[in-house]
Amino acid sequence: MLHTPYEAVIGLEVHCQLQTAAKIFSPESTAFGAEPNTNVDPVSLGHPGTLPVLNRKVLTYAIRMGLATHSSIAERSVFARKHYFYPDLPKGYQISQFATPVCYNGYVEILLDDADEAADEPATKRIGLTRIHMEEDAGKSLHDQPQHTRVDYNRCGVPLLEIVSEPDLRTPGEARRYMEKIRQLVRYLGVCDGNMEEGSLRCDANVSIRRRGSRELGTKTEVKNLNSFRHVEQALAYEIDRQVRLLESQGTVVQETLLWDADRGETRPMRSKEEAHDYRYFPDPDLVPVVITDALLTEVRESLPEMPEARRARFVDDYGLPVYDAAVLTEERAVGDYYEDTLTVLFKRTKGGNTQAQAKAVSNFVMTEVLRVLKEQGGTIADVPVEPKRLADLVYLRLNDELSSSAAQEVFEAMLTSAEDPKTIAKQQNLTQVIDKRAIEPVVNRVLRENKPQVKQYLSGKHGLLGYFIGQVMQRFQGAPDPKVVKQLLKDKLKAKQQAASQ
Ligand code: ADP
Ligand code: MG
């Protein structure tokens, strides 16, 4: 692709299931994984005579996302009916927004493909958001039996935000990072859990090809059914390749809706029946227009958490962290909270001192140990058995040189299966470092006395033996003395001997 005369143009339509307890227009539960057809009610089943009422939380979540993406918020927006016939849609129409979405003209920033993440200001690119609108989800068809399709209506009426991007993306990698950015935002805002496997975050990818330098858009195809970041990337790479080949062999791209077949690693056309395109949108007469007052806007604005970019900048400014550390620690809101909770405890214990060194020490532990465990065991950071307070205790011991770096790692490992505090664990496992020179000195003397031949060799120039002496000293301790102290003591003593010998 890089060397062909073509470039890809990509726009994504992302659906986020909102984390509200109730559905968008009725009080029924939205819980995922319930027995099929148990979270249903007359409104979401579209029974005649029922009336939908907008869940206020859905509106505040939509505004949250709009504000976080620099969107304009519509003072007045309208729900519309989008008609199509499908078994998972009992009303025969989906309540959505059409002419007037609740948010429009926003943007997010993503890293460019070749951006250096550790740079002070990694190269980013703005991706426009055409619109964000509220709508209800449809039910789910289960094609798991040879002769039948079964329908689960639990998902009917689950609130969704649809986020539509401008065709500003150019590569599968950019599309992936855009998705990741959207997921990061919805999770920071607490409006969606971002779980792609469970379908809380879903993506349809639109893609076309054009000659580099051209400003016109080519004919696009739309790939549906992308339920992981990897699928988004793979499906786009496949589709771009397919379209380029078509153009190169004098063919034309047909505008169509495709499905990504993850097992075969290819896209294929959807059955045309599933593609009925005249939705006959019209304003839903059952719902009043949504009017957003200044008071509501202010209320939502004031409830916004600190967003990732601002937090990253603050971590650099306040704690003196490298940009890379700050980016990793603020990637997820809960990780940033964990980090700061740990720092708070540590700062209290140290009562100041070199806060930058302390911040970096905690950062190292979180990035190498805590995030590793999180990755291995899955779940959230709250499931990692080392809470911020105990991590702070551990880092405190390390900063005071009471634990060597390898001993600190061992203690951390032990803390995963023990609720004891790190000091107790270190004592139990004899990992506490003997930092007292007075304790080490007699042992150094003894080692030198007991290894006369080696001392002689050392004095005649075989300085590589220093490591041997260090090893001998370390072995005679139960715990591990600080090798730096041992080394210094040995060097001093041997130097004194050398000087004595040459006199
Ligand atoms: P449709 O009417 O087919 O739904 P829209 O204009 O609503 O198309 O756009 C849907 C998505 O497709 C948007 O994310 C938009 O950025 C993207 N898109 C539109 N035209 C193109 C194109 N020619 N190539 C790639 N993406 C496109
Ligand atoms: Mg569309």
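Order of appearance sets the numbers: ligands from 1, and atoms from 1 within every ligand.
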> Is the closest N or O pair between Thr219 and ligand 1 shorter than 3.5 Å?
Replying inline: no
> Distance under 6.0 Å and angle within 45° of the ring axis: does Lys82 meet both against Tyr279?
Replying inline: yes
> Just going by heavy-atom distances, which of Ala205, Ala8, Ser208 is nearest to atom 22 (C) of ligand 1?
Replying inline: Ser208
>> Is the contact between Glu222 and ligand 1 made by the side chain, the backbone, both, or neither, using heavy atoms and a 4.0 Å cut-off?
In response: neither
> Do Pro167 and ligand 1 have an N or O pair less than 3.5 Å apart?
Replying inline: yes
> Does one side chain, of Arg176 or Thr171, offer a donor that lies under 3.5 Å from an acceptor on the other?
Replying inline: no
> For Leu246 and Thr252, which heavy atoms make the closest approach, and how far apart are they?
Replying inline: CD1-O, 3.8 Å
> Just checking, any donor-acceptor pair under 3.5 angstrom between side chains of Glu136 and Tyr93?
Replying inline: no
>> For ligand 1, which is the ligand I care about here, please tell me if Asn206 has any N or O atom under 3.5 Å from one of the ligand's N or O atoms.
In response: yes
> What part of Leu12 sits under 4.0 Å from ligand 1 if we count only heavy atoms: the side chain, the backbone, both or neither?
Replying inline: backbone
>> Contact between Leu374 and Glu376 at the side-chain level, heavy atoms closer than 4.5 Å - yes or no?
In response: no
> Considering only heavy atoms of Gly218, which atoms of ligand 1 have at least one such atom less than 4.0 Å away?
Replying inline: 23 (N)
>> Can you confirm, on distance only, whether ligand 1 has an N/O atom lying under 3.5 Å from any N/O atom belonging to Leu217?
In response: no
Using a 3.5 Å cut-off and no angle test, enumerate the donor-acceptor pairs between side-chain atoms of residues 258-270 and protein atoms at least two apart in sequence or in another chain.
residue: Asp261; atom: OD1; partner: Asp263; partner atom: N; Å: 3.1
residue: Asp261; atom: OD1; partner: Arg264; partner atom: N; Å: 3.1
residue: Thr267; atom: OG1; partner: Glu239; partner atom: OE1; Å: 2.9

